[in-house]
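Structure record follows, encoded as structure tokens.
Keep in mind that what you see is a predicted model, and the values were worked out from it rather than measured. One-based numbering along the sequence shown.
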Amino acid sequence: MILVIAEKPSVAQTIAAALGAKKKQDGYIEGNGYLISWCVGHLVQLADAAAYGEQYKKWSYDSLPILPQKWQYTVSADKGKQFKILKELMHRTDISEVVNACDAGREGELIFRFVYEVAGCKKPMRRLWISSMEESAIKAGFENLKDGRDYDALFASALCRAKADWIIGINATRLFSCLYNRTLNVGRVQTPTLKMLVDRDAAISTFKKEKYYHVRLDLSGAEAASGKICAAEEAKELKAACEASRAVCTSLVREKKSAAPPKPFDLTSLQREANRIFGYTAKQTLDLAQALYEKKLLTYPRTDSSYLTDDMEETAAKVIALLCGTLPFMEGMSFSPEIARVLNSKKVSDHHAIIPTMELAKTDLAALPESEKNILTLAGARLLFATAAPHIFETVTAVFSCAGADFTARGKTVLAGGWKDLERRYRATLKNKPEADDEDSADGTLPELAEGQSFDNPAAKVTEHDTTPPKPHNEAICCERGIRNRP
């Protein structure tokens, strides 16, 4: 018999169905040569400071620092029954090996190893490593189980993170709480993040607004603006001088540019985009993506890769064809994906980019909770954008000299919409339209201009502006800078 340990009951049920195990027992499912059980999240954790001695039961400055020489572990009080079941299953004489089927990532490795070690299990250990909960992926994963010891380095990384959190959190929290006579929580990630937020808030609160001005010339449909002018009187004088002078085009630069499609989502970019479009926090996005993963609709979300492996070309083609027929904004569109652009096994680490699965064909999108549907559609749209043609455009920058000052006019002409046409159609389906990117709101088309072209006594105006404070940090910015709402 083989014991399979998943991270959650719902995942265990999905694995059991794929393996043909149907007999439900107390705390596990049995059948077809397998026992499938689960951890219910973190069953075993690092013990609290009080476990290391009576002197640590009360918080005091003199007892610091607390640096365990031999780390101790504890079973969560409300999860003792499930731990006992797992321990008994591990030690059954008919169990020949144990399969770690917890989430294929650092935290999943830690969850399983803590239980395995605290239970004193010595049975051979193998690892299920999959990126999708589809039945075909589960079966393929069990046909290619890995030696569990191949993931020792991953466990070491997770354990190091857990111990660092403990040492910094326990010691720093007790230190500052004792110094300031109030409970002050200090953490490895939360405190540096808080410092960034406080610094930005201070910059905003101490910001002093200053006025500045531009002089703008109307040159037969082209508006050319001066640089920033600090004094209103200086701007008025330049305006008057320009209206009595000649503006001459001294430079005209045309550049053909291409905006490459975005890559498929890794977790950070998904969190950032979901916050920008829907206002979801990083944790909300991760929870929604995890729920979709467990429903077999999305591939594994905890990934830092934004490419698919080279052998996924056929899979990607099928998913894209399904998306074209499923997502409303693709209705009536003719789409020829360039899949090779998103394939690169060398840039895939533990898991490939986040994409929808073929399970979507069996799912009524309207039946999903709106938040889950939003994330699933967003991931699907991103895969379509990533495999669409580049966005090609021409920029024109014209510089004029007038009254001894330089004025600049800029224009942009789209030559091929490419992936941005798809993005525009997708955005049109959203209830709350997010702000357009800066480059999307760039200047419009300029009239035909030529170097040396002149304009006598051009109409001019002065526009008044205010400097603006820094923007507050939001979830999207934190995600972009790597401050993720995850371990």
Side-chain angles (χ1 to χ4, degrees), residues 7-8 41-42 102-111 131 133 157-158 161-162 164-165 168-169 185-201 204 262-295 297-307 349-356 368-383 385-386 426-427 430-435 437 470-487:
E7 191 165 317
K8 299 176 182 178
H42 288 267
C102 291
D103 282 359
R106 188 171 66 174
E107 286 308 294
E109 194 68 25
L110 186 74
I111 288 170
S131 293
M133 288 303 296
S157 170
R161 193 278 306 161
D165 281 351
I168 294 172
N185 293 314
V186 178
R188 177 181 61 91
V189 175
Q190 71 179 31
T191 304
T193 305
L194 180 60
K195 172 67 161 59
M196 287 180 57
L197 297 174
V198 169
D199 286 348
R200 177 55 60 91
D201 283 348
I204 293 171
K263 297 182 181 68
F265 283 129
D266 60 12
L267 177 58
T268 302
S269 58
L270 175 62
Q271 290 171 317
R272 183 173 63 242
E273 198 69 358
N275 176 260
R276 191 167 66 87
I277 294 177
F278 303 113
Y280 299 155
T281 66
K283 186 177 187 306
Q284 285 174 328
T285 298
L286 175 56
D287 290 345
L288 291 168
Q290 182 73 20
L292 289 166
Y293 167 68
E294 292 175 15
K295 290 179 178 179
L297 291 170
L298 204 65
T299 58
Y300 188 67
R302 292 177 183 264
T303 176
D304 60 1
S305 299
S306 53
Y307 287 89
S349 51
D350 293 335
H351 297 279
H352 57 69
I354 303 168
I355 63 172
L368 289 175
E370 183 178 12
S371 54
E372 291 184 10
K373 182 174 68 174
N374 287 341
I375 294 299
L376 184 59
T377 303
L378 179 61
R382 187 58 170 258
L383 178 60
F385 301 163
Y426 165 66
R427 285 173 180 269
L430 301 175
K431 292 181 179 178
N432 299 313
K433 305 296 187 290
E435 292 183 8
D437 295 336
K471 292 183 179 180
H473 285 314
N474 56 29
E475 289 274 344
I477 293 173
C478 289
C479 288
E480 187 171 1
R481 297 188 179 187
I483 306 170
R484 305 170 188 174
N485 205 347
R486 63 184 183 124

Margin query: On a heavy-atom basis, which atom in Leu270 and which in Ala289 lie closest, and how many Å separate them?
Written below: CD2-CB, 4.3 Å
Item checked: Spacing of CG belonging to Asp350 relative to CG belonging to Asp304, to within rounding of 0.5 Å -> 7.0 Å
Notebook entry, point to check: Which is it for Glu273 and Arg276 under the salt bridge (charged side-chain N to carboxylate O under 4.0 Å, His left out) test, yes or no, and what are the steps along the way?
Noted result: CA-CA 5 Å; Glu273 198 69 358; Arg276 191 167 66 87; 2.5 Å; yes
Next item on the list: Enter the distance from Met196:CE to His473:NE2 here, rounded to the nearest 0.5 Å.
Entry: 4.0 Å
Next item on the list: Rounded to the nearest 0.5 Å, what's the gap from CD on Gln271 to OG1 on Thr281? Could you check?
Entry: 8.5 Å
Check: Just by modelled atom types, is the Gly187 backbone N or O under 3.5 Å from a matching donor or acceptor in the Thr191 side chain?
Finding: yes
Note to self: One pair to check against side chain to side chain contact (heavy atoms under 4.5 Å, CB included): Tyr426 and Ile277. What are the steps and the verdict?
What the structure shows: CA-CA 11 Å; Tyr426 165 66; Ile277 294 177; 4.2 Å; yes
Checklist line | Worked check of side chain to side chain contact (heavy atoms under 4.5 Å, CB included) between Arg106 and Arg302 | finding: CA-CA 9 Å; Arg106 188 171 66 174; Arg302 292 177 183 264; over 6 Å; no
Check: Are Glu107 and Glu7 close enough, and set up right, to give a side chain to side chain contact (heavy atoms under 4.5 Å, CB included), and what steps lead you there?
Finding: CA-CA 10 Å; Glu107 286 308 294; Glu7 191 165 317; 5.8 Å; no
Margin query: How long is the straight-line distance from CD of Glu294 back to CD of Gln290, given to the nearest 0.5 Å?
Written below: 4.5 Å
Note to self: Run Ile354 and Tyr293 through side chain to side chain contact (heavy atoms under 4.5 Å, CB included) and show every step you take.
What the structure shows: CA-CA 10 Å; Ile354 303 168; Tyr293 167 68; over 6 Å; no
Notebook entry, point to check: Checking Thr299 side chain against Ile355 main chain: does a donor-acceptor pair fall under 3.5 Å?
Noted result: yes
Notebook entry, point to check: Do you know which two heavy atoms are closest between Ser305 and Asp266, and how far apart they sit?
Noted result: O-CB, 3.3 Å
Next item on the list: Any chance you could lay out the side-chain hydrogen bond (donor to acceptor under 3.5 Å, both in side chains) test for Asn275 and Thr285, step after step, and finish with the verdict?
Entry: CA-CA 8 Å; Asn275 176 260; Thr285 298; over 6 Å; no
Check: Rounded to the nearest 0.5 Å, what separation is found between the NZ atom of Lys295 and the CD atom of Glu372?
Finding: 3.5 Å
Check: Can you name the closest pair of heavy atoms from Cys102 and Gly108 and give their distance?
Finding: CB-O, 3.3 Å
Margin query: Could you walk me through whether Asn374 and Ser371 satisfy the side-chain hydrogen bond (donor to acceptor under 3.5 Å, both in side chains) test, starting with their C-alpha distance in whole Å, then the side-chain angles of each, then the deciding distance to 0.1 Å, before giving a yes or no?
Written below: CA-CA 5 Å; Asn374 287 341; Ser371 54; over 6 Å; no
Notebook entry, point to check: If every non-hydrogen atom of Pro264 is compared with every non-hydrogen atom of Ser269, which pair is closest and at what distance?
Noted result: O-OG, 4.5 Å
Check: Once you round to the nearest 0.5 Å, how far does OG1 of Thr377 lie from CG of Leu430?
Finding: 9.5 Å
Check: Taking only residues two or more places apart in sequence or in another chain, which ones pass ring pair (Phe, Tyr, Trp, His ring centres under 6.0 Å) with His351?
Finding: Trp129, Tyr300
Note to self: I'd like to know if the side chain of Gln190 reaches the main chain of Asn185, judged simply by a donor and an acceptor atom lying under 3.5 Å from each other, with no hydrogens or angles considered.
What the structure shows: yes
Item checked: Minimum heavy-atom distance Leu110-Ala158, with the two atoms named -> CB-CB, 3.7 Å
Note to self: Strictly distance-based, threshold 3.5 Å: is any side-chain N or O of Arg382 a donor or acceptor partner for the main-chain N or O of Lys263?
What the structure shows: yes
Next item on the list: Looking only at non-hydrogen atoms, find the nearest pair between Pro301 and Leu267 and report the distance.
Entry: O-CB, 3.3 Å
